[in-house]
Novice: 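Have a look at the structure that comes next, please.
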Amino acid sequence: RNKLGAILLLQGKDNMASQNEPYLGKRKIYATRSVIWNKTLAPDFYHNHPKIKEMKKSLSLKFKAYDTFDKTTLHDRQQLLFELTRLIWA
């Protein structure tokens, strides 16, 4: 949990309400009422955001939806943040 790849931000009441929910329940909230970084966890996000799909392909970024939030997910998202940061500050 102490890694940037684990950052998932929710606002106010959404954060308190989903505190003890399993990941798939939280993902529904991430998909609709949060920042884009969280929304990338949900499969429907990519259908609704063609520019993200385009960016993903053209920059070889490994954006993808996840059904679980485990060590692999954390590692993948940590790497993705590293790549995004490298692109921004290169």
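Hydrogens, waters and symmetry mates play no part in the numbers below; they use all other heavy atoms, side chains included.
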Novice: To the nearest 0.5 angstrom, please state how far the CG atom of Leu59 sits from the CD atom of Glu83.
Specialist: 10.0 Å
Novice: Please name all residues satisfying side-chain hydrogen bond (donor to acceptor under 3.5 Å, both in side chains) with Thr85, sequence neighbours left out, ordered by chain then number.
Specialist: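 In terms of side-chain hydrogen bond (donor to acceptor under 3.5 Å, both in side chains), with neighbours along the sequence ignored, Thr85 is linked to no residue.
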Novice: Pair Arg77, Leu8 - check side chain to side chain contact (heavy atoms under 4.5 Å, CB included), show working.
Specialist: CA-CA 11 Å; Arg77 289 176 63 83; Leu8 296 167; 3.8 Å; yes
Novice: Is there a side-chain contact between Tyr23 and Tyr66 in this structure, where contact means two heavy atoms from C-beta onward sitting under 4.5 Å apart?
Specialist: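 A side-chain contact under 4.5 Å exists here.
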Novice: Does atom CD1 of Ile88 have more than 12 heavy-atom neighbours, drawn from other residues, nucleotides or ligands, at distances under 6.0 Å?
Specialist: yes
Novice: Would you say Phe45 ends up clustered with Leu84 if hydrophobic residues are merged whenever their side chains have heavy atoms under 4.5 Å apart, either directly or through other cluster members?
Specialist: yes
Novice: Please enumerate all residues that pass salt bridge (Lys or Arg N to Asp or Glu O under 4.0 Å) together with Asp67, with sequence neighbours excluded.
Specialist: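 Partners of Asp67 by the salt bridge (Lys or Arg N to Asp or Glu O under 4.0 Å) criterion, ordered by chain and then number, come out as Arg27.
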Novice: Drop me the distance from Leu61's CG to Gln79's CD, to the nearest 0.5 angstrom.
Specialist: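 Reported to 0.5 Å precision, the distance equals 12.0 Å.
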Novice: Check whether Val35 and Phe69 end up in the same hydrophobic cluster, where Ile, Leu, Val, Met, Phe, Trp and Tyr are linked by side-chain heavy atoms less than 4.5 Å apart.
Specialist: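 They do not share one cluster, since no chain of ILVMFWY contacts under 4.5 Å joins Val35 to Phe69.
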Novice: Give me the one residue out of Lys64, Lys62, Lys71 that meets side-chain contact (heavy atoms from CB on, under 4.5 Å) with Asp76.
Specialist: Lys64
Novice: Which value, rounded to the nearest 0.5 Å, describes the distance between Tyr46 atom OH and Thr40 atom OG1?
Specialist: 4.5 Å
Novice: Could you walk me through whether Ile29 and Glu21 pass the side chain to side chain contact (heavy atoms under 4.5 Å, CB included) test, one step at a time?
Specialist: CA-CA 11 Å; Ile29 296 170; Glu21 262 189 277; 3.8 Å; yes
Novice: To the nearest 0.5 Å, tell me how far Asn48 CG sits from Lys53 NZ.
Specialist: 10.0 Å
Novice: Do you know which two heavy atoms are closest between Ile7 and Trp37, and how far apart they sit?
Specialist: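 Ile7 and Trp37 have their closest heavy atoms at O-NE1, 3.2 Å.
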Novice: Can you name the closest pair of heavy atoms from Ala65 and Ala42 and give their distance?
Specialist: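 Looking at all heavy atoms of both residues, the closest pair is CB-C, 3.7 Å.
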Novice: Starting at OH of Tyr30, measure out to CG of Leu24 and round the result to the nearest 0.5 Å.
Specialist: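 It is 11.0 Å, given to the nearest 0.5 Å.
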Novice: With a 4.5 Å cut-off on side-chain heavy-atom distances among I, L, V, M, F, W and Y, is there a chain of contacts connecting Leu41 to Leu9?
Specialist: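 Cluster IDs for Leu41 and Leu9 differ.
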